[in-house]
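The chains referred to below are lettered A, B, ... by the order of the sequence lines, with proteins before strands, and numbering in each begins at 1.
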2 protein chains.
Amino acid sequence: MPAKPAESKRKEKAALILAAADELFGEQGYDAVSVRDVAQGAGVNKALVFYYFGSKEELFGQVLTRYYDAHRKALQDALEAPGDLDERFRRLVDAYFDFMASNIRFARLVQQQIVGAGPHLGLIQDNLCELERWTEHALAGIAPKDGPLAARHMFVTISGAVINYFTYAPALGPVWDEDHLSEEAMAERREHLHWLVRVLVQGIRDA
Amino acid sequence: MPAKPAESKRKEKAALILAAADELFGEQGYDAVSVRDVAQGAGVNKALVFYYFGSKEELFGQVLTRYYDAHRKALQDALEAPGDLDERFRRLVDAYFDFMASNIRFARLVQQQIVGAGPHLGLIQDNLCELERWTEHALAGIAPKDGPLAARHMFVTISGAVINYFTYAPALGPVWDEDHLSEEAMAERREHLHWLVRVLVQGIRDA
DNA sequence: GCAGGCTTTAACCGAGCGGTCAAACCGATC
DNA sequence: GATCGGTTTGACCGCTCGGTTAAAGCCTGC
């Protein structure tokens, strides 16, 4: 790629800001990070953040939106591939886990918003509901429509099993002793999730 | 109770402040609530908050400590009662769920701290590790020491299934349509948890 | 009724926040 | 090399934050 087209040059600083915002918001939380922090992290003037993004809230919205687009795409791909019900459900959970594993800050961002009633709760709500509908779809035919074995209960249980592994990590350190995020630890958690899904599906069928 | 002993009178305003802090921190998050908000909520002067609690951070610490003491006691009682392993484990999960159900703000407070690296992460850490050790103890004899079926994996999965029901509530509204916190909905979730524990224990035994 | 010690208050402080703005800068185009 | 529009900047604004302080209020024992 020779001379950069003007378009991409314009976006360079904006991308820098977005990256810094992603890192800081994800690690310290929306409230705990100031626009000055973001600007310093990106190595630009504070006013430039407002020039490109308008407000702190909108900047945060763009960070979230970027994640959600990638998130939706990753899960959609997993659902669309062929296979029987068990296979597809297992792949959905896998894709969910993989996405969180390679976007750990995202998991923290989501929980921050949900639990703190952040400015973009609506975005999170939409996505969570979509995910729930996918679970419902994936479990259609074996899970009852209502009652304690309904798909929505499975969704809360399974998504908790996936997400909490990442969000609880800093607090579980002493008990886990090895690194949560090492290759081996992640592989083991993935195995646990596969086992969980198998046991849950079997449990539903037996009921 | 006739004339109040001087001691209890002294604590009256302090209790008022603590109650307001509990409610506001639990619902809006530590950062989002100012000491002015707490004072107004309690109907006292802002300076009084500092007179009794020294700082915002210490006030928050006392809110958390009160919860943790009650929390530990509730779970300890459940563990100490007699019964075989399955019975005791089920009762531990039940006690955990019940405590969260009657202290919904607590669940939110914990996740806020964990995910936002709040000032009292240490307190949360200690308690979470204790809870994990209890799980390990309760599952001793049937769960393997290591690998994807180890007690610590069960702990993350089960505690996620309990806690996320409460913390995700505001975001799942549209999909759940009935009230998460109604008598019937709670009873149904409890049934789901019982079923989950049964299925997990069975799954471990079959493995 | 007044002296002395908790309790409660209004007023204040410095710092940091999100956000604005006018001026400087800079790379094209003529 | 003048001009012009899109960047980038430093200085600034009003506001709210956590926290302090000096004085007023108030109860109690004498």
Side-chain angles (χ1 to χ4, degrees), chain A residues 1-25 27-64 112-113 116-120, chain B residues 1-25 27-64 112-113 116-120:
Chain A
M1 53 194 77
K4 290 166 201 153
E7 172 70 7
S8 96
K9 174 117 184 252
R10 193 194 176 277
K11 297 251 159 111
E12 237 170 49
K13 290 278 175 87
L16 231 53
I17 294 169
L18 214 51
D22 175 2
E23 180 174 341
L24 291 169
F25 285 147
E27 263 154 34
Q28 306 178 38
Y30 180 75
D31 287 327
V33 171
S34 73
V35 177
R36 280 166 179 84
D37 294 335
V38 173
Q40 191 184 346
V44 304
N45 188 279
K46 174 170 71 77
L48 203 61
V49 177
F50 292 95
Y51 177 72
Y52 279 119
F53 297 94
S55 72
K56 184 188 182 186
E57 195 173 317
E58 258 189 62
L59 168 62
F60 186 53
Q62 291 215 21
V63 170
L64 282 183
Q112 275 169 32
Q113 289 300 294
H120 290 287
Chain B
M1 50 192 79
K4 289 166 202 158
E7 172 70 6
S8 97
K9 174 115 185 258
R10 192 193 177 280
K11 297 252 159 111
E12 236 170 50
K13 290 278 175 87
L16 229 54
I17 294 170
L18 215 50
D22 175 2
E23 178 174 341
L24 290 169
F25 285 146
E27 263 154 34
Q28 305 179 38
Y30 181 74
D31 287 327
V33 171
S34 73
V35 177
R36 282 165 178 84
D37 294 335
V38 174
Q40 192 185 347
V44 304
N45 188 279
K46 174 171 71 80
L48 205 61
V49 177
F50 291 96
Y51 177 72
Y52 279 119
F53 296 94
S55 72
K56 184 189 181 185
E57 194 173 317
E58 259 189 62
L59 168 62
F60 185 53
Q62 292 216 20
V63 170
L64 282 183
Q112 274 169 32
Q113 289 300 293
H120 291 285

Let's see if you can work this out: which of dT8(D), dC12(C), dT8(C) has an atom nearest to the side-chain heavy atoms of Y51(A)?
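Nearest to the side chain of Y51(A) among the choices is dT8(D).
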
Between dT9(C), dG18(C), dT8(D), which nucleotide has the shortest distance from any of its atoms to the side chain of L48(A)?
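When the side chain of L48(A) is considered, dT8(D) is the closest of dT9(C), dG18(C), dT8(D).
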
Given atom [atom1] of [X] and atom [atom2] of [N], what is their separation to the nearest angstrom?
{"X": "Q40(A)", "N": "dC17(C)", "atom1": "CD", "atom2": "P", "result": "11 Å"}
{"X": "K46(B)", "N": "dT20(D)", "atom1": "NZ", "atom2": "C1'", "result": "9 Å"}
{"X": "K56(B)", "N": "dT20(D)", "atom1": "NZ", "atom2": "C1'", "result": "17 Å"}
{"X": "F25(A)", "N": "dG18(C)", "atom1": "CZ", "atom2": "C1'", "result": "12 Å"}
{"X": "F50(B)", "N": "dC13(C)", "atom1": "CZ", "atom2": "C1'", "result": "13 Å"}
{"X": "Y52(A)", "N": "dT20(C)", "atom1": "OH", "atom2": "C1'", "result": "18 Å"}
{"X": "L16(A)", "N": "dT8(D)", "atom1": "CG", "atom2": "C1'", "result": "14 Å"}

Less than 4.5 Å apart, any side-chain heavy atom of V44(A) and any of V38(A)?
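A side-chain contact under 4.5 Å is absent here.
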
Do Y51(B) and K13(B) have side chains that approach each other closer than 4.5 Å (heavy atoms only, starting at C-beta)?
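No, every pair of side-chain atoms sits at 4.5 Å or beyond.
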
For the atom pair CD (E27(B)) and CG (D22(B)), what is the distance rounded to the nearest 0.5 Å?
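It comes to 9.0 Å.
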
Test: side-chain hydrogen bond (donor to acceptor under 3.5 Å, both in side chains). Region: residues 54-64 of chain B. Which pairs qualify, not counting sequence neighbours?
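Listed once each, the pairs would be none.
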
Could you identify which residues of residues 30-37 of chain A place a heavy atom less than 4.0 Å from some atom of DNA chain D, listed by residue number, or say none?
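Contacting residues: none.
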
